[in-house]
Amino acid sequence: MNDQLHPWQWDEPTWRGHVGRVRAGRPLRPSAWPGGARVAVALSFDSDHETPALRDGEVLPGKLAQGEYGARVGVPRILRLLERFSAPATFFMPAVSALLHDGEVKSYVDGGHEVALHGWIHERNTSLPPEAERDLAFRAADTLERLAGTRPVGIRTPSWDFSAATLAITRELGLAYDSSLMADDDCYELLADGEPTGVVELPVEWIRDDAPYFMMERFASLRPYTPPRGVLPIWRDEFDATHAEGGLFQLTLHPHIIGHRSRMAVLTELLEHISGHDVWFATHAQVVAHVLAEQEAP
């Protein structure tokens, strides 16, 4: 089998097959955003809470308390800030997080926000057999539907961990979009082995994620080397360039990371800057619905 060879020994069909399994298709930047807005702003929060620790079998109180902060303190602060700016957002939530924190999903729905899939227990998809990944995805969808009152229409894989089976599972779930890949700044259609899937990718990027800047791991080398206010000009520059292009500005945040006081100050200042421009704050589902509607218009 070619896959048992070193990559430099692969023949052309092998390396082309790997590259082409999941690929970016047609671009989906619309000609205009609702209300004549120059930019669509899609804020998202991955409400992981205790699940990354649980996934890794870390069950002692210290690590779990760090995650609990996200639900206990971070989420209320975030919801108040979003209400101040009348900014609907998307909360990607592992099902175990939703089950651990009674009423949190309802608080998102009551605030006009979207609840979307983010795995069962923040599992690593690429380490799972396809049947296990599928089972966890369907269980998570059923759980969030029960708690939110509506079935999720989008998914963000935990840690953006996209396996060879993920896209097929996403399609089987009947989801409208994924938000885990990084092939563009704007929405695009996903291809599976060169064939259009109808699934929209609303792309992410580590640059627009709080975790790379602020993560801390006590017994490892992971440290928050960037001061909180050092991140503000990066995100502001990303937004300003998006505004100049008339595209999509997407941001990925985590309540247990961004929810601390000094970091919320940065997010507050960023939203003050953004709201001073002609923007459309929208959930990921609303952005996807808009770009698809334009494609279908005569």
(message) Is there a side chain to side chain contact (heavy atoms under 4.5 Å, CB included) between His254 and Ile258? Walk through the geometry before answering.
(response) CA-CA 6 Å; His254 301 76; Ile258 200 69; 5.9 Å; no

(request) Tell me, with the steps shown, if Glu114 and His284 meet side chain to side chain contact (heavy atoms under 4.5 Å, CB included). (result) CA-CA 8 Å; Glu114 177 191 5; His284 285 44; 3.8 Å; yes

(request) Would you check, one step at a time, whether the test salt bridge (charged side-chain N to carboxylate O under 4.0 Å, His left out) holds for Glu272 with Arg84? (result) CA-CA 10 Å; Glu272 288 172 346; Arg84 171 184 163 189; 2.8 Å; yes

(request) Under the side chain to side chain contact (heavy atoms under 4.5 Å, CB included) rule, what do Trp10 and Leu5 come out as? Steps first, then yes or no, please. (result) CA-CA 7 Å; Trp10 290 343; Leu5 302 174; 4.2 Å; yes

(request) Walk me through it: do Ser31 and Glu294 pass the test side chain to side chain donor-acceptor pair (under 3.5 Å)? (result) CA-CA 8 Å; Ser31 60; Glu294 179 166 293; 3.0 Å; yes

(request) Please report the C-alpha distance between Ile257 and Met215 in whole Å, then the side-chain angles of each, then the deciding distance to 0.1 Å, and finally whether the side chain to side chain contact (heavy atoms under 4.5 Å, CB included) criterion is met. (result) CA-CA 7 Å; Ile257 297 175; Met215 284 281 284; 3.5 Å; yes

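In this structure, the side chains of Pro94 and Asp48 come closer than 4.5 Å at one or more pairs of heavy atoms. In this structure, the side chains of Asp142 and Arg151 come closer than 4.5 Å at one or more pairs of heavy atoms. Leu128 has its side chain within reach of Leu136: a pair of non-hydrogen atoms, C-beta onward, lies under 4.5 Å apart. Contact check for Leu81 versus Leu271: side-chain heavy atoms found under the 4.5 Å cut-off. Within the 4.5 Å cutoff, the side chain of Val287 has heavy atoms near those of the Leu248 side chain. You'll find the side chain of Ile207 reaches within 4.5 Å of the side chain of Ile234, heavy atoms only. Proximity of Arg38 to Trp280: side-chain heavy atoms (C-beta onward) are nowhere separated by under 4.5 Å. No side-chain heavy atom of Glu68 sits under 4.5 Å from any side-chain heavy atom of His256.
No salt bridge links Lys63 with Glu50; every basic N to acidic carboxylate O contact stays at or beyond 4.0 Å. Salt bridge absent: Glu195 and Arg23 never bring a charged side-chain N and a carboxylate O closer than 4.0 Å. For the pair Arg55 and Glu123, the salt-bridge criterion is not met [side-chain N within less than 4.0 Å of a carboxylate O]. Ion pairing between a basic and an acidic side chain is recognised when a charged N comes within 4.0 Å of a carboxylate O; Asp46 and Arg156 show such pairing. Ion pairing of Glu217 with Arg223 is absent here, as no side-chain N (NZ or NE/NH1/NH2) approaches a carboxylate O to less than 4.0 Å. Salt-bridge formation is not detected for the pair Arg29/Asp185: no Lys NZ or Arg NE/NH1/NH2 atom is positioned less than 4.0 Å from an Asp or Glu carboxylate oxygen. Comment: Arg16 does not engage Asp11 in a salt bridge, judged by the lack of any side-chain N to carboxylate O separation of less than 4.0 angstrom.
Side-chain N/O atoms of Thr126 and Asp161 include a donor and acceptor closer than 3.5 Å. Counting only N and O atoms by type, the side chains of Thr252 and Gln250 include a donor and acceptor under 3.5 Å apart. Residues Thr150 and Glu145 bring no donor and acceptor atom of their side chains to less than 3.5 Å of each other. If you check the side chains of Ser180 and Asp178, you find a donor sitting under 3.5 Å from an acceptor.
In this structure, the separation between CG on Leu144 and CZ on Arg139 is 12.5 Å, given to the nearest 0.5 Å. Between the CZ atom in Arg229 and the OG atom in Ser262 there is a gap of 9.0 Å [rounded to 0.5 Å]. Here the straight-line distance linking atom CG of Leu181 with atom OG1 of Thr166 works out to 9.0 Å at 0.5 Å rounding. Atom-to-atom distance recorded for Arg236:CZ and Phe249:CZ is 11.5 Å, nearest 0.5 angstrom. Atom OG1 of Thr268 is separated from atom CZ of Arg77 by 10.0 Å, given to the nearest 0.5 angstrom.
Closest of all the heavy-atom pairs between Leu173 and Ala141 is CD2-CB, 4.1 Å. Listed here is the closest heavy atom pair of Pro88 and Ser86: CD-O, 3.4 Å. Smallest separation of non-hydrogen atoms from Ala116 and Pro152: CA-CB, 4.2 Å. Of all the heavy atoms in Pro76 and Ala71, the pair that sits closest is CD-O, 3.6 Å. Residues Glu172 and Arg134 come closest through the heavy atom pair OE2-NH2, 2.6 Å. Across all non-hydrogen atoms, the minimal contact from Phe92 to His118 is C-CB, 3.6 Å.
Using a 4.5 Å cut-off between side-chain heavy atoms of Ile, Leu, Val, Met, Phe, Trp and Tyr, with links allowed through other members, Met93 and Leu82 fall into the same hydrophobic cluster. Both Ile155 and Ile121 are assigned to one and the same hydrophobic cluster, defined by single-linkage of ILVMFWY side chains at heavy-atom distances under 4.5 Å. Val22 and Val204 fall into different hydrophobic clusters, where Ile, Leu, Val, Met, Phe, Trp and Tyr residues are linked whenever their side-chain heavy atoms come under 4.5 Å apart, directly or through other members. Residues Leu253 and Leu270 fall within the same hydrophobic cluster, defined by Ile, Leu, Val, Met, Phe, Trp and Tyr side chains chained together at heavy-atom separations under 4.5 Å. Each of Phe281 and Leu202 belongs to its own hydrophobic cluster when Ile, Leu, Val, Met, Phe, Trp and Tyr are linked at side-chain heavy-atom distances under 4.5 angstrom.
For His101 and His49, the gap between ring centers is short of 6.0 Å. When ring centroids are compared, Tyr69 and His260 come within the 6.0 Å threshold. Aromatic pair Phe239/His277: centroids less than 6.0 angstrom apart. For Phe45 and His113, the distance between ring centers is not under 6.0 angstrom.
For residues 136-177, the ring pair (Phe, Tyr, Trp, His ring centres under 6.0 Å) pairs, not counting sequence neighbours, are Trp160-Trp206.
Within 6.0 Å of the CG atom in Asp110, the count of heavy atoms belonging to other residues, nucleotides or ligands exceeds 12.
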